[in-house]
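See below for the structure under consideration.
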Amino acid sequence: QVHLVESGGGVVQPGGSLRLSCAASGNIFVSNGMAWYRQAPGKQRDLVAVITTGGITNYVDSVKGRFTISRDNAKNTVSLQMNSLKPEDTAVYYCNPFPAIRRVGWGQGTQVTVSS
């Protein structure tokens, strides 16, 4: 099993910014695409952003222009810069390889709360 640890969440007002980070116990980022997901209470876990091994990025429409996914293969980390945050961004955010890898489970996630 590869362990994933997300960090950087917090409580911010609408319009604020946060930068999330994901670290893996194994050196998986070099040869795998990575993604950020989020899950609000009572909702399904949704894909938010993807970065491929070639550096191509994709985002769900609701975060385009506001979120930026990036990776540092040498550090085995992937980040999510979140700007202009909205209340509907409130969720627990998770990272995971994309496409999914069976031996890689879900971390604990990091809570992002956007509220005035």
message: Distance check, rounded to the nearest 0.5 Å: Gln111 atom CD versus Leu18 atom CG?
response: 11.0 Å
query: In Å, rounded to the nearest 0.5 Å, how long is the span from CG of Asn96 to CD1 of Ile101?
result: 8.0 Å
Per-pair distances, 0.1 Å, donor-acceptor, side chain in residues 78-86, under 3.5 Å, sequence neighbours excluded:
residue: Gln81; atom: OE1; partner: Arg19; partner atom: NH1; Å: 3.3
residue: Gln81; atom: NE2; partner: Asn83; partner atom: OD1; Å: 2.9
residue: Asn83; atom: OD1; partner: Ser17; partner atom: OG; Å: 2.9

- request: Heavy atoms only: give me the nearest Val2-Ala24 pair and the separation to one decimal.
  value: CG1-CB, 4.2 Å
- prompt: Are any side-chain N or O atoms of Thr110 and backbone N or O atoms of Gly9, one a donor and one an acceptor, separated by less than 3.5 Å?
  reply: yes
query: Nearest 0.5 Å, what's the OG-CG distance between Ser62 and Asp89?
result: 7.0 Å
task: Taking atom CD of Gln108 as the centre, report whether more than 12 heavy atoms of other residues, nucleotides or ligands fall under 6.0 Å from it.
output: no
- prompt: Do Trp36 and Phe67 make the cut of ring centroids closer than 6.0 angstrom?
  reply: no
field: Atom pair OH (Tyr37) and CG (Asp46), whose distance is rounded to the nearest 0.5 Å
entry: 10.5 Å
query: According to a 4.5 Å side-chain heavy-atom criterion applied to Ile, Leu, Val, Met, Phe, Trp and Tyr, with indirect links allowed, do Tyr94 and Val104 form part of one hydrophobic cluster?
result: no
message: Would you say that Leu4 contacts Cys22 through its side chain, given a criterion of any heavy-atom pair below 4.5 Å between the two side chains?
response: yes
- request: State plainly whether one hydrophobic cluster holds both Val114 and Val11, where clusters connect Ile, Leu, Val, Met, Phe, Trp and Tyr through side-chain heavy atoms under 4.5 angstrom apart.
  value: no
query: Once you round to the nearest 0.5 Å, how far does CZ of Arg38 lie from CZ of Arg45?
result: 13.5 Å
query: How would you list, by chain and number, every residue that makes a side chain to side chain contact (heavy atoms under 4.5 Å, CB included) with Ser7, sequence neighbours excluded?
result: Ser21
Only distances under 3.5 Å count here; give the side-chain donor-acceptor pairs of residues 49-60 to other protein atoms, sequence neighbours excluded, each with its distance to 0.1 Å.
residue: Thr52; atom: OG1; partner: Gly54; partner atom: N; Å: 3.2
residue: Thr52; atom: OG1; partner: Gly55; partner atom: N; Å: 3.3
residue: Thr52; atom: OG1; partner: Ile56; partner atom: N; Å: 3.0
residue: Tyr59; atom: OH; partner: Ile69; partner atom: N; Å: 3.0

task: Find out if a path of hydrophobic residues (ILVMFWY) with successive side-chain heavy-atom gaps under 4.5 Å connects Val92 to Val63.
output: no
message: Looking at every heavy atom in both Ala40 and Thr90, which two are closest together, and how far apart are they?
response: CB-O, 3.8 Å
- request: Check Lys43 against Gln39 and note the closest heavy-atom contact, atom names and distance.
  value: O-NE2, 3.0 Å
task: Please round to the nearest 0.5 Å and tell me the distance separating atom CG of Leu20 and atom CD of Glu6.
output: 9.0 Å
- prompt: Are Tyr93 and Trp106 in one and the same hydrophobic cluster, where Ile, Leu, Val, Met, Phe, Trp and Tyr link if side-chain heavy atoms are under 4.5 Å apart?
  reply: no
